[in-house]
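The analysis underlying the following values was restricted to heavy atoms, covering all of them including side chains, and did not include hydrogens, waters or symmetry mates. Sequence positions, counted from 1, serve as the residue numbers for this chain. Quantities reported herein were computed from a predicted structural model and do not represent experimental measurements.
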Amino acid sequence: MNEPEALAGADEPEDLSALVQVPAVEPGTAGPPCGYARLRAEAPVVKAELPNGETGWLLSRYEDARAAFADPRLVRPLLSAWPPREGPDAPPPCLPTFLEMTGEHHERVRRTVLPLFGRRRLEFMEPRIRAMAGELIDAMVASADGGTADLVAAYVEPLPLRVLCETTGIPHEDHEIYLPHTLTLLGAAGLSMDEVLAALYALQDYAEELISRKEKEDGGEDYIHLLLAESRRPDGGMTRDDVVSFVVTMLMAGYKTNIQHTGNALFTLLTHPDQLRELRESPQRMGTAVEELLRHVPLMNAINILVAQEDLTLHGQHIRAGDAVIPVPASANRDPAAFTDPDRLDLTRTPNAHVAFGHGPHACTGGHLTRLQLSIALEVLLERLPGIELAVPAESIPWDESTPLRAPARLPVRW
């Protein structure tokens, strides 16, 4: 990736001591925006105007981003509380998602939920996810038109939703209710507060109604039933509201991000055929390859809003209490101070301490499930279709650029 002379959207070199625009992702790519290379070198902490008109301090270097995620002085605000509103215009509070919980509440809930995403539980889920992936590929091959198919429509889009519904207990048949709201929230940085809150409250209402339905059912093995059982115990680690928050969190973080990242990971591999062939021939390297895909392909670009609880100084910049601070994992994971030749895809890279899932107490709870899902998606695809390749030139592939999570809209492939 070539480093530009100026941040995206600027015709002339910018004064990086002044307010800058958040670097834009180049069309036809997943990112990260090339403009972050200049920020890392010249202005690692810089005040930027966000797409919704608010401002925040962008942290583009690895060490700064990693430290920010774990800094107790930086707290993720409720979606209904940022940007702040006061007086009669202040919106009613919403339940915190797992990302926004703090203190003892967060520790208690995290202790309860983590075993659901631990090694033993994921070993139980692995054959079920593998079976779902196989069924989708069988269906794609059976319906292929002239030996080609769209990998996005046939495989990339349906698999994460099936996995999410199978593991959590969220009904697949309700997807037309909850998916529009989750997609709205993913574009929150560029929307008005009213639009964001309408989607958030609608998603919370759906979760409340779903929990009411689940409470009337006999116990099951899905995550919602297990957490509801925990909430009923006198000394349980969850309340009913926490289970509602779990549903909202999973819908916001466990669906579209996995679709977009899986699509981008497959596009990346298909445009690096030599590395794809080596991975197919050495499937025991899949775990290492997945970590590199998580580092190289952004899960998000600049949508991590933290709020400073007190004044602090970083790289000479005075950050005041109440200011937004935005660590950017996509930039941190390309920092040459942390990764050798960071813009090169190296499926054998190790160690690989990326921050795709954040860091510290609020590191993504479902990170291991995401790793497992991506590993299985790649393994099954290469086992069933070892000769898979793009059916069209890479530069002709259309991109979905409707959210910060850019990804190919279609991936025509043949095998």
Side-chain angles (χ1 to χ4, degrees), residues 94-101 106 108-136 157-183 185-186 199-233 236-259 262 364-374 376-377:
C94 61
L95 290 175
T97 67
F98 285 11
L99 293 173
E100 299 150 359
M101 291 178 181
H106 176 253
R108 170 173 51 78
V109 170
R110 188 173 176 85
R111 281 197 306 270
T112 305
V113 172
L114 272 178
L116 298 180
F117 296 93
R119 186 179 302 277
R120 181 177 300 179
R121 181 72 188 185
L122 294 184
E123 286 176 353
F124 169 73
M125 287 302 307
E126 181 173 352
R128 300 166 77 172
I129 298 174
R130 190 175 294 275
M132 286 185 273
E135 290 168 5
L136 289 171
E157 287 191 344
L159 182 60
L161 185 58
R162 289 194 182 190
V163 172
L164 178 68
C165 293
E166 176 79 12
T167 54
T168 63
I170 297 172
H172 187 280
E173 60 270 22
D174 289 352
H175 66 273
E176 292 185 0
I177 300 173
Y178 52 74
L179 290 188
H181 305 311
T182 65
L183 298 180
L185 291 170
L186 284 175
L200 181 61
Y201 294 140
L203 204 59
Q204 188 169 299
D205 288 345
Y206 167 77
E208 287 271 8
E209 187 273 333
L210 174 61
I211 296 303
S212 295
R213 275 191 274 158
K214 292 282 186 179
E215 288 173 326
K216 298 173 184 176
E217 300 173 359
D218 294 331
E221 285 298 311
D222 62 69
Y223 289 3
I224 296 176
H225 274 116
L226 293 175
L227 292 176
L228 276 174
E230 178 69 14
S231 73
R232 296 189 192 103
R233 293 198 308 114
M238 298 280 282
T239 66
R240 185 182 186 280
D241 277 351
D242 292 333
V243 185
V244 173
S245 293
F246 171 79
V247 173
V248 174
T249 302
M250 293 303 296
L251 286 172
M252 287 178 60
Y255 167 61
K256 189 65 173 179
T257 49
N258 281 323
I259 288 179
T262 301
C364 179
T365 304
H368 291 310
L369 178 59
T370 295
R371 288 180 169 99
L372 177 66
Q373 180 175 288
L374 181 58
I376 292 174

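Taking 4.5 Å as the limit, every side-chain heavy atom of K214 sits out of range of all side-chain heavy atoms of V243. Side chains of E208 and R240 form a contact here, defined as non-hydrogen atoms less than 4.5 Å apart. Contact annotation: the side chain of C165 never approaches that of H175 to less than 4.5 Å [non-hydrogen atoms, C-beta and beyond]. Looking only at side-chain heavy atoms (C-beta outward), N258 and L374 stay at 4.5 Å or farther from each other. Taking the side chain as every heavy atom from C-beta outward, L227 and L116 approach each other to under 4.5 Å. Within the 4.5 Å cutoff, the side chain of T182 has heavy atoms near those of the L179 side chain. Using a 4.5 Å heavy-atom threshold, the side chains of L95 and V248 count as separate. Side-chain atoms of M250 and T97, non-hydrogen and from C-beta on, never get closer than 4.5 Å to each other.
Residue H106 qualifies as enclosed at atom NE2: its count of foreign heavy atoms under 6.0 Å is above 12. Atom CD of E176 is surrounded by 12 or fewer heavy atoms from other residues, nucleotides or ligands within 6.0 Å.
In terms of heavy atoms, G169 sits closest to I224 at C-CD1, 4.0 Å. Taking each heavy atom of E221 and R121 in turn, the nearest pair found is O-NH2, 2.7 Å. For S231 against T239, the heavy-atom pair with the smallest separation is CB-C, 3.8 Å. For M238 against F98, the heavy-atom pair with the smallest separation is CE-CZ, 4.4 Å.
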Intermediate values then yes/no, side chain to side chain contact (heavy atoms under 4.5 Å, CB included), V109 and F246: CA-CA 10 Å; V109 170; F246 171 79; over 6 Å; no

Working for side chain to side chain contact (heavy atoms under 4.5 Å, CB included), residues L228 and R232: CA-CA 6 Å; L228 276 174; R232 296 189 192 103; 4.1 Å; yes

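For Y206, the ring-ring contact (aromatic ring centres under 6.0 Å, His included) criterion is met by Y178, not counting sequence neighbours.
A donor-acceptor pair is defined here as one N or O able to donate and one able to accept, closer than 3.5 Å; no such pair exists between the side chain of E230 and the backbone of G236. Under the 3.5 Å distance criterion, the side-chain polar atoms of T262 are left unmatched by any main-chain donor or acceptor of I259.
Side-chain polar atoms of D242 and S245 form no donor-acceptor pair below 3.5 angstrom.
Comment: E123 does not engage R120 in a salt bridge, judged by the lack of any side-chain N to carboxylate O separation of less than 4.0 angstrom. Ion pairing of R119 with E126 is absent here, as no side-chain N (NZ or NE/NH1/NH2) approaches a carboxylate O to less than 4.0 Å.
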